[in-house]
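This is the structure I want to talk about, given as structure tokens.
Numbering of residues begins at 1 and proceeds along the displayed sequence.
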Amino acid sequence: LPMRAEQARLLAPQAAARHLRPGKVLMMGSALWNRPELLKEGTEFLKGALFCDLSPTAMETFAARYREAWGQEPNLPLAMLTHDSVAALAQGMREQRRGGVEWRRQLIRPGGFQGAAGPFTFQNDGRSRRECPLLQVREEGIAPLGP
């Protein structure tokens with residue numbers, strides 16, 4: 001369900017009324033679900049649903065450093081992803097000055113880059129790839145699915 005947390009919370013009871021109940025159908029969402037609004041009334045119909053997001057620890061660490069540097073709250077996760085993009089470009093420029101490989105090969109290198117949100121790589125087709133924890137909506141709230 002590619003929608004905000006508030007929308008998912010409202011849609012889930014309607015889906016259940018049409019026999020799309022937790023246990024029968026696995027609801028899946030996006031990082032837009034990782035908000036307190038998801039856990040208001042109607043959440044019982046989202047129990048077991050899965051979504052992924054950037055690491056909460058990484059986001060908290062980045063937010064603290066951002067506040068210290070800029071004196072304001074970051075727009076997460078956009079600020080983290082922007083930081084990672086600029087860091088990858090800066091690293092590529094440093095490599096170029098040292099006589100490194102051409103840009104495309106630099107960006108798709110197997111080791112990738114270390115970003116604020118964790119390691120990431122660029123694929124041959126230009127898409128980026130990073131590992132994000134899989135989260136689940138549970139009785140007690142949102143929790144990592146497992147190790």
Side-chain angles (χ1 to χ4, degrees), residues 1-13 15 20 22-23 25-147:
L1 302 174
M3 56 185 57
R4 293 188 332 265
E6 302 89 344
Q7 295 167 314
R9 187 175 42 84
L10 294 173
L11 179 76
L20 301 175
V25 174
L26 175 63
M27 298 261 186
M28 296 183 76
S30 71
L32 294 174
W33 283 21
N34 202 4
R35 305 283 179 272
E37 295 81 24
L38 186 73
L39 301 176
K40 293 184 178 175
E41 67 181 83
T43 305
E44 65 270 11
F45 299 106
L46 286 171
K47 296 287 188 273
L50 300 175
F51 64 93
C52 64
D53 198 358
L54 299 175
S55 159
T57 304
M59 285 194 288
E60 289 167 17
T61 301
F62 178 84
R65 290 180 178 163
Y66 188 99
R67 281 190 296 273
E68 185 178 314
W70 300 101
Q72 61 187 28
E73 287 296 317
N75 178 0
L76 294 174
L78 181 61
M80 287 180 81
L81 298 175
T82 302
H83 172 276
D84 288 358
S85 299
V86 171
L89 286 172
Q91 190 171 343
M93 290 172 72
R94 269 194 313 271
E95 293 292 325
Q96 285 292 303
R97 281 196 300 264
R98 290 188 226 155
V101 298
E102 52 100 7
W103 272 103
R104 186 176 193 299
R105 286 184 50 214
Q106 171 71 3
L107 288 174
I108 62 171
R109 68 186 186 193
F113 301 90
Q114 180 61 40
F120 65 100
T121 59
F122 290 103
Q123 307 293 309
N124 247 347
D125 63 5
R127 292 181 297 157
S128 65
R129 181 179 201 107
R130 71 175 66 235
E131 291 188 25
C132 296
L134 195 56
L135 304 170
Q136 187 173 43
V137 180
R138 297 184 182 161
E139 192 70 40
E140 64 277 5
I142 295 169
L145 185 59

Evaluation steps, side chain to side chain contact (heavy atoms under 4.5 Å, CB included), between L107 and R105: CA-CA 5 Å; L107 288 174; R105 286 184 50 214; over 6 Å; no
Side chain to side chain donor-acceptor pair (under 3.5 Å): pairs with one or both residues in residues 67-81, sequence neighbours excluded: R67-E73
Contact summary for R138 and P144, nearest pair of heavy atoms: NH2-O, 2.9 Å
Qualifying salt bridge (Lys or Arg N to Asp or Glu O under 4.0 Å) pairs with a residue from residues 82-94, counting only residues at least two apart or across chains: D84-R130
Please list every donor-acceptor pair under 3.5 Å in which a side-chain atom of residues 48-61 meets a protein atom from a residue at least two apart or in another chain.
unit_1 : atom_1 : unit_2 : atom_2 : d
D53    : OD2    : N34    : ND2    : 2.9
S55    : OG     : T57    : N      : 3.3
S55    : OG     : A58    : N      : 3.2
T61    : OG1    : T57    : O      : 3.0

Lys/Arg N to Asp/Glu carboxylate O, R98 vs E95, below 4.0 Å: yes
Nearest-0.5 Å distance, NE2 of residue H83 to CZ of residue R65: 8.5 Å
L76 to M80 - nearest heavy-atom pair and separation: CD2-CG, 3.7 Å
Pair I142-L39, side chain to side chain contact (heavy atoms under 4.5 Å, CB included): steps then yes or no: CA-CA 8 Å; I142 295 169; L39 301 176; 4.2 Å; yes
Euclidean distance, L32 CG relative to L38 CG, rounded to 0.5 Å: 11.0 Å
Nearest-0.5 Å distance, CZ of residue R9 to CG of residue L1: 14.0 Å
Any pair counted as salt bridge (Lys or Arg N to Asp or Glu O under 4.0 Å), so long as it reaches residues 111-127, sequence neighbours left out: D125-R127
Non-hydrogen atoms of M27 and A15 that approach each other most closely: CE-CB, 3.6 Å
Over 12 foreign heavy atoms within 6.0 Å of CD, Q123: yes
Residues, nucleotides or ligands: over 12 heavy atoms within 6.0 Å of Q114 CD: yes
Residues that R129 engages under salt bridge (charged side-chain N to carboxylate O under 4.0 Å, His left out), provided they are two or more places apart: none
R109 side chain to G112 backbone, donor-acceptor under 3.5 Å: yes
All side-chain contact (heavy atoms from CB on, under 4.5 Å) counterparts of Q7, not counting sequence neighbours: M3, R4
E131 side, atom CD; T121 side, atom OG1 - distance, nearest 0.5 Å: 9.0 Å
Closest approach of F113 to Q91 (non-hydrogen atoms, all atoms of both residues): CD2-OE1, 3.5 Å
